[in-house]
Amino acid sequence: MFEYAPAPESREIVDIKPSYGLFIGGEWVDSQGDTHHKTINPASEEVLAEVAWATEADVDRAVQAARTAFTTWSALPGSERAKYIFRIARIIQERSRELAVLETLDNGKPIRESRDVDLPLVAAHFFYYAGWADKLGYAGYGADPRPLGVAGQVIPWNFPLLMLAWKIAPALACGNTVVLKPAETTPLTALAFADICRQADLPPGVVNIVTGAGETGAALVNHPGVDKVAFTGSTEVGRMIARSVAGTGKKLTLELGGKAANIVFEDAALDQAVEGIVNGIFFNQGHVCCAGSRLLVQESVADEVLDALKRRLSTLRLGDPMDKNTDIGAINSAAQLAKIRELAEAGVNEGAERWSPACPIPERGFWFPPTVFTGVAQSHRIAREEIFGPVLSVLTFRTPAEAVEKANNTPYGLSAGIWTEKGSRILWMADRLRAGVVWANTFNRFDPTSPFGGYKESGYGREGGRHGLEAYLAV
Ligand code: NDP
């Protein structure tokens, strides 16, 4: 590996307050409870700020504020709503360096990813849905589709600002108002977004941000004043939400876990496929719901692919997420690290072979080296359960039919990847894979114009693209 001099991004650009309240009705307000939570930098365990935990009464205030704002916001012509959303998109672009640094500090992801992937996609989402606001009548949902009302949105910690954008941009474009709860460990960019709403002169109450833990999320999704629930997170919590929302008339979209197969055929451009495997599972420390966590490689090229993969992994740099050379950042929390460790140990105990490159681990913070398991059987926990970390399980296949069979042998169905030079094989496979997104000769590629969502236990509903509007319209 080349020796690189450190290239740290400066954190001077962000101004983190010692303590944050809730953003309700366009104002910063104190929580009615007195519980606060410290959010830390997972790469150093340094406390970044203290954040309020919203109580049921706070959630109620936020929903009331959103309800009041709905009357005027939904009555605005789409072209007027678009102006606000375009303004938000432009401010995000202007403040993108600050937001990228803040995201990296709070989440642990490498600055290279927050700067070059998360933030450009966040801005693109707002630009894209701003464009829809005055064209809803042409989206295929009737001549004058109506908004639903107040959307209660609960998001996870793996792409904090991007998940906020996926939820808030279409909701506002369609004329809904929003109460959003960010994840407990990554609230800071959502709070910065509240500031952006003020900067954009968004009418008070159109967006409300309530920070807190699972109970705050539960209070939000169970609030009778919420018309639409949008959730991204674990299948377990998704199931609970589906149960609690059933029969209430609330519209629900769930984007849950995954255990995607990344399928490499012998005729694929193997060097390119190796890059795709790395991007598929080691991007964002593997904290990606659509991560290519199961590599299915054709037996005839398995040794060659594995050798190349191990060589490539030996060049990845793990360490300070604020360093622009870093490829693998910190695991988001101690709890997530414990979960990854537990599943990796289960892999060894069940008989798979574990490999990681030589990789110095920093003393403080939460870290897990890139890890590859070979000799994995389909029954192993590491082949079935979502690890949500930088851990790849390798299985082999001989025929396309066997690849399909193995790829679909999972309770999930969020994404899949196919690597082959044959277009006909891509189409044949894509037809048979039970996955909401199928990538061909690429992986983890996102675009606001493209719908994203799952089958089976990966959830239902689509986010992104024209299809993403449906979740926020009374159709
Ligand atoms: P959760 O599903 O618990 O968290 C997602 C969001 O839901 C967070 O904002 C969380 O709050 C909130 N929440 C928790 N409980 C409730 C509830 N009862 N009602 C409403 N909202 C609730 O995921 P975790 O962060 O606990 O991660 C656990 C596992 O889930 C991971 O190891 C990973 O496997 C998977 N996961 C999958 C994601 C995906 O995109 N598919 C994203 C994140 C996790 P709080 O942050 O306070 O817990």
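Indexing begins at 1, ligand by ligand and atom by atom, following the structure's order.
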Inset, instruction - Show the protein residues that qualify under the rule heavy atom under 4.0 Å from an atom of ligand 1, listing them in chain and number order. - result: Val154, Ile155, Pro156, Trp157, Asn158, Lys181, Pro182, Ala183, Glu184, Gly212, Ala213, Gly214, Gly217, Ala218, Phe231, Thr232, Gly233, Ser234, Val237, Met240, Ile241, Leu256, Gly257, Cys289, Gln336, Lys339, Glu386, Phe388
Inset, instruction - Give every residue pair that meets the side-chain hydrogen bond (donor to acceptor under 3.5 Å, both in side chains) criterion with at least one member in residues 278-297, sequence neighbours excluded. - result: Lys109-Asn284
Legend entry - Candidate pair Lys259 and Ser393, rule side-chain hydrogen bond (donor to acceptor under 3.5 Å, both in side chains), full reasoning: CA-CA 10 Å; Lys259 193 73 192 175; Ser393 299; 4.8 Å; no
Inset, instruction - Kindly assign one of parallel, tilted or perpendicular to the pair Trp53 and His37, based on the angle between their ring planes and the thresholds 30° and 60°. - result: tilted
Inset, instruction - Over 60° means perpendicular and under 30° means parallel, so classify the ring planes of Tyr128 and Trp132, tilted if in between. - result: perpendicular
Inset, instruction - Would you please name every residue forming a ring pair (Phe, Tyr, Trp, His ring centres under 6.0 Å) with Phe373, sequence neighbours left out? - result: none
Inset, instruction - Using side chain to side chain contact (heavy atoms under 4.5 Å, CB included) as the criterion, list what pairs up with Thr235, not counting sequence neighbours. - result: Arg239, Leu256, Tyr412, Glu457
